[in-house]
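All heavy atoms count here, side chains included; hydrogens, waters and symmetry mates do not. Letters A, B, ... mirror the listed sequences (proteins, then strands); counts begin at 1.
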Amino acid sequence: MVPRKSVLLFLQADFFVHQLRNKMGDFMSYDHKAIEKRWQTYWDEHKTFKTAPETSGKPKYYVMNMFPYPSGQGLHVGHPESYTATDIMARFNRMRGFNVLQPMGWDAFGLPAEQYAIKTGHNPADFTNENIKHFKKQVKSLGFSYDWDREINTTDPEYYKWTQWIFEQLYKKGLAYEDEIMVNWAPDFPGGGIVVANEEVIDGKTERGSYPVYRVPMKQWVLRITKYAERLLSDLDDLDWPEAIKEQQRNWIGKSTGAAVFFKVDGKSDYQVEVYTTRPDTLFGASYMVLAPEHDLVDKITTSECRADVDAYKAKIASKSDLERTDLNREKTGAFTGAYGINPVNGEKIPIWIADYVLSSYGTGAIMAVPAHDTRDYEFAKKFDLPIRQVIKGGDISKEAFTGDGTHINSAFLDVLDKKQAIEKIIDWLEEHDAGHKQVNYKLRDWIFSRQRYWGEPIPVIHWEDGKQTLVPESELPLRLPHLNQDQMKPSGTGESPLANAKSWLEVTRQDGVKGRRETNTMPQWAGSSWYFLRYIDPHNDKVLADPEKLKYWMNVDLYVGGAEHAVLHLLYARFWHKFLYDLGIVPTKEPFQKLVNQGMILGTNHEKMSKSKGNVVNPDEIVDSYGADALRVYEMFMGPLTQSKPWSTESLAGIRRYLDRVWRIFTSDGDGINPIIVSENDHKLDKIFNQTVKKVTEDYAAMRFNTAISQMMVFINETFKAEKLPKKYMNAFLQLLNPVAPHITEELWQRMGHQETIAYATWPTYDESQIIEKQIEMAVQINGKVRAKINTPVDISRDELAKMATDNPDVKKQVADKNIVKIIAIPGKIINIVVK
RNA sequence: GCCGUUGUGGCGGAAUUGGCAGACGCGCUGGACUCAAAAUCCAGUGGUGGCAACACCGUGUGGGUUCGACUCCCACCGACGGCACCA
């Protein structure tokens, strides 16, 4: 027993020595905690990144991120990714002489705060401010060069005053209106149900929480975004945005060109059904019609024999959620109304059905069915045994609908024509006979703008007892949220907003004694984020939303970075508000964001999306603590192209930290001052690599290719380890190149190199092209496309000389000895290819 | 089903205009230092065959254009994201 115990003790002692030496090893690398704290404090105290006035005479550069929702969970590793990307652009352009505006703020309205308040009795405002404090501390620990004097918070009354003000302008122009419309009602949503916007419905369920959505009629506030559909679509073309996002917006707006056609109802001449079709050329093939079950005419035209069936069908549809209604594998269903429509082009009587495959919200909610040439109509006709009449040659109508182009048949004056010609001709005919006209349609629907919630901007409207409705006067804005206690905030169960419980806030009396009630719905979270990029420009202005002169100088945003999940919601709403403000003459540009970049997702080490349940979440706080903010920043930029998804690797992160240690060591040689081999004279050994590095890093930053910029800086440091002397000028310039990615360590070393001022405004280094171009280069000689030899040639050699040099090469001679040279391709500086047979 | 993105070593990725595929990093292997290890520094590292010089194969698959293709064209397969009865 005794010996074993002593062995154990010995092993333990050895282990401690091991630990101690590791600790000492750490001292050999740089002390990121002290350095990062020191420079963050310095930047704060000196307001280093305060934006210069508009009168500075410098060109402007406005760069921003999609501001975060300050959740209680704090930062995840995706935040530093996009924030570092913009910070590099901000710091890079600052050194290049731009006046840089890089702000940060908080998108702080939202459901979690309200739900937390209901659960715990805390005030959502206090809770939100706590979260912001925590978030801000985390963000600050990463050393981003924000102008913190411009910080904004959407829940601050001084901010939402202007959100409400914009709403009032929309109201005055008739673009904000209250309407009894079919809304997306999610009754199971915690807090007594909620109405959500069309954009917030995913697969028939709410985007947040996945609760089923039903279409029910309700009185709601709606913004007339459809009025801007065409401009929202066509102005996309000039934007420097990812094609995927532009395409998603185009699809969402969903423009289509076709025709409206009027069908009289047989025997009821006061009624006519207007249908929308993109294929008016197939009018002769229409064999029945379909109305959406909710269509106004249904009750009016249904015959008494069919009424029971129709009512039963309508009742069945009403009880279904959107998800059930849109299940594609579901069989087509419908009911016959007993009525007939008259085809204007040939006077034929065709039956009118109702079916839920026709949507009340698109077009006119009614269609003419051409089963021979439309897949959906074909399925329906087969199911209910309705006639199928071919009017275009092609396909096999006995098997499936033919939707392609072809020659028209059985179509009187359209016969022989193709699709395009036939469409033109039938539209002319319809217009001549008052039976229809050309029509453009959009899938885009108006923006359902009210939410039955407490924690949002109050809609500044008063409903008076005499039936009138007025805006809260602009001079009384902001209309502040009243304080509610825990009980008052609880859901009413009727779908009404908790604000209905704020009696003293709710009830108002006009000067003439008429009583009124405030609107109790609040705005959706998207309201505050639809214009915040304007407020950063002039965040403390209490007279106007922002000074027009300042807007003129700063707009529009030169670079906007954020996640692709906002492809339609936020980005479409923000464009809509911006265009509206443009029309009012408030903003000088048609579009808010000239260039948009979506950062890719950072996945877990297992290549899967990070999630708590998978246990693959990386916490940035822990990385900053053990590796440092600089290492995290450099690593996240080195992982791969910004726009791509890429998996996390702690080993690779450690490699980046080793690189920063190497940088530290080459500058300090682990002493107190700087490495003695850094000297004023230049032995020219590093000329080429230095100039190459400046060139590549400058170009790569400008194109946001951060991973390759970093790899070039690694190559440079590898070269310095082989050098005997390091020119001071080059080493200073290197610090500037690295600074945008790793700002703390470079400030520290910059100071050690003897500078008194921050590195942030040092003029960006230039390179000498002549130092990069070589006089003598190695060129590959290919034989039949395969590299068989390498030769050294002067760079300015002629084509013929080059060909001769190649064929004179002994290796080449050996290879071609018994073959015929057919052709020699010789391009100086590129390649030599000898084609032989 | 439609639209978009994407496919390169053991892994992350590079190759800017059609011109030497695999820069840089991770990992791995070997060496120096050390009593030993860690750290650090140096070197090697696509696969197969060969002592070697070298040869052959190699950028999702199959074809094509070209003196030459990761790159351009056609067809297909897989992964990711979005839309989804929009007439």
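Nucleotide rG1(B) holds its C1' atom 14 Å from the CG atom of D374(A), rounded to whole Å. At whole-Å resolution of the value, CZ in R657(A) and C1' in rC26(B) are 17 Å apart. With rounding to whole Å, W252(A) atom CH2 is found 11 Å from rA84(B) atom C1'. Counting to the nearest Å, the C1' atom of rC26(B) and the CH2 atom of W648(A) are 14 Å from each other. Look at CD on Q712(A): it is 10 Å from P on rC24(B), rounded to the nearest Å. As a whole-Å value, the separation of K332(A) NZ from rA87(B) C1' is 11 Å. As rounded to whole Å, 11 Å separates atom C1' of rU40(B) from atom CG of D661(A). Nucleotide rU17(B) holds its P atom 17 Å from the CD1 atom of I831(A), rounded to whole Å.
Here rU40(B) is the nucleotide among rG19(B), rU40(B), rA43(B) with the atom lying nearest to any side-chain atom of R665(A). With distances taken from any side-chain atom of Y357(A) to the nucleotides rC85(B), rG82(B), rG19(B), the minimum falls on rC85(B). Of the candidate nucleotides rA87(B), rA23(B), rC26(B), rA87(B) has the atom lying nearest to any side-chain atom of S256(A).
The nearest heavy atom of RNA chain B to V787(A) and to G363(A) marks one nucleotide each, and the one closer to the 5' end goes with V787(A). Of the residues near RNA chain B, E699(A) and R788(A), the one whose nearest nucleotide (by heavy atom distance) lies more toward the 5' end is E699(A).
Within a 6.0 Å radius of CD in E778(A), more than 12 heavy atoms belonging to other residues, nucleotides or ligands are found. Within a 6.0 Å radius of NZ in K246(A), more than 12 heavy atoms belonging to other residues, nucleotides or ligands are found.
Electrostatic pairing of E81(A) and K646(A) counts as a salt bridge here, judged by a charged N lying under 4.0 Å from a carboxylate O. Using a cutoff of 4.0 Å between basic side-chain nitrogens and carboxylate oxygens, E379(A) and K383(A) are not scored as salt-bridged. Between E230(A) and K255(A) there is a salt bridge, with a side-chain nitrogen of the basic residue lying less than 4.0 Å from a carboxylate oxygen of the acidic one. Checked for salt-bridge contact, E247(A) and R250(A) meet the test: a charged N lies under 4.0 Å from a carboxylate O.
Rounded to whole Å, the C1' atom of rA84(B) lies 35 Å from the corresponding atom of rG13(B). Spacing between rU61(B) and rU8(B) at atom P, rounded to whole Å, works out to 10 Å. For the C1' atoms, the distance linking rA32(B) with rC26(B) amounts to 23 Å, nearest Å. With P as the reference atom, rC74(B) and rG81(B) are 27 Å apart, rounded to whole Å. A gap of 15 Å separates the P atoms of rG9(B) and rG62(B), to the nearest Å. Comparing the same atom, P, in rU45(B) and in rC54(B) gives a spacing of 14 Å after rounding to whole Å. Atom name C1', nucleotides rU59(B) and rC72(B): the rounded distance is 16 Å, in whole Å. Rounded to a whole angstrom, the distance from the P atom of rG19(B) to that of rC73(B) is 15 Å.
Regarding contacts with the backbone of rA87(B), a side-chain N or O of Y362(A) is found under 4.0 angstrom from either OP1 or OP2. Between R705(A) and the phosphate of rA14(B), there is no side-chain N or O to OP1/OP2 separation shorter than 4.0 Å. Distances shown here put every side-chain N or O of R662(A) at or beyond 4.0 Å from the OP1 or OP2 atom of rC24(B).
Here the straight-line distance linking atom CG of L444(A) with atom CD of Q249(A) works out to 10.0 Å at 0.5 Å rounding.
Here the closest non-hydrogen pair linking Q599(A) and V561(A) is OE1-CG1, 4.0 Å.
Between Q692(A) and Y767(A), the side chains place no donor N or O within less than 3.5 Å of an acceptor N or O (distance only, hydrogens not considered). Defined by atom type and a distance below 3.5 Å, a donor-acceptor pair is present between the side-chain atoms of Y362(A) and S256(A). A donor-acceptor contact under 3.5 angstrom links the side chains of N718(A) and R662(A), judged on distance only.
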- prompt: Could you write out RNA chain B as a dot-bracket string, with dots for unpaired bases, | for bases paired across to another strand, and Watson-Crick or G-U pairs counted at under 3.5 Å?
  reply: (((((((..(((......[....)))((((((.......))))))((((....))))..(((((..]....))))))))))))....
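The closest side-chain heavy-atom distance from D661(A) to R657(A) is below 4.5 Å.
Ring centroid separation for the pair W648(A) and Y635(A) comes in under the 6.0 Å cut-off.
Within 4.0 Å (heavy atoms only), T643(A) reaches no atom of the nucleic acid at all.
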Which atom pairs link the protein and nucleotides 67-72 of chain B when you take only N or O atoms and keep those under 3.5 Å?
{"from": "rC67(B)", "atom 1": "O2'", "to": "N833(A)", "atom 2": "ND2", "distance (Å)": "3.1"}
{"from": "rC67(B)", "atom 1": "O2", "to": "N833(A)", "atom 2": "ND2", "distance (Å)": "2.7"}

statement: Its contact letters, B for base, S for sugar-phosphate only and - for none at protein heavy atoms under 4.0 Å, make nucleotides 3-13 of chain B read SS-------BS
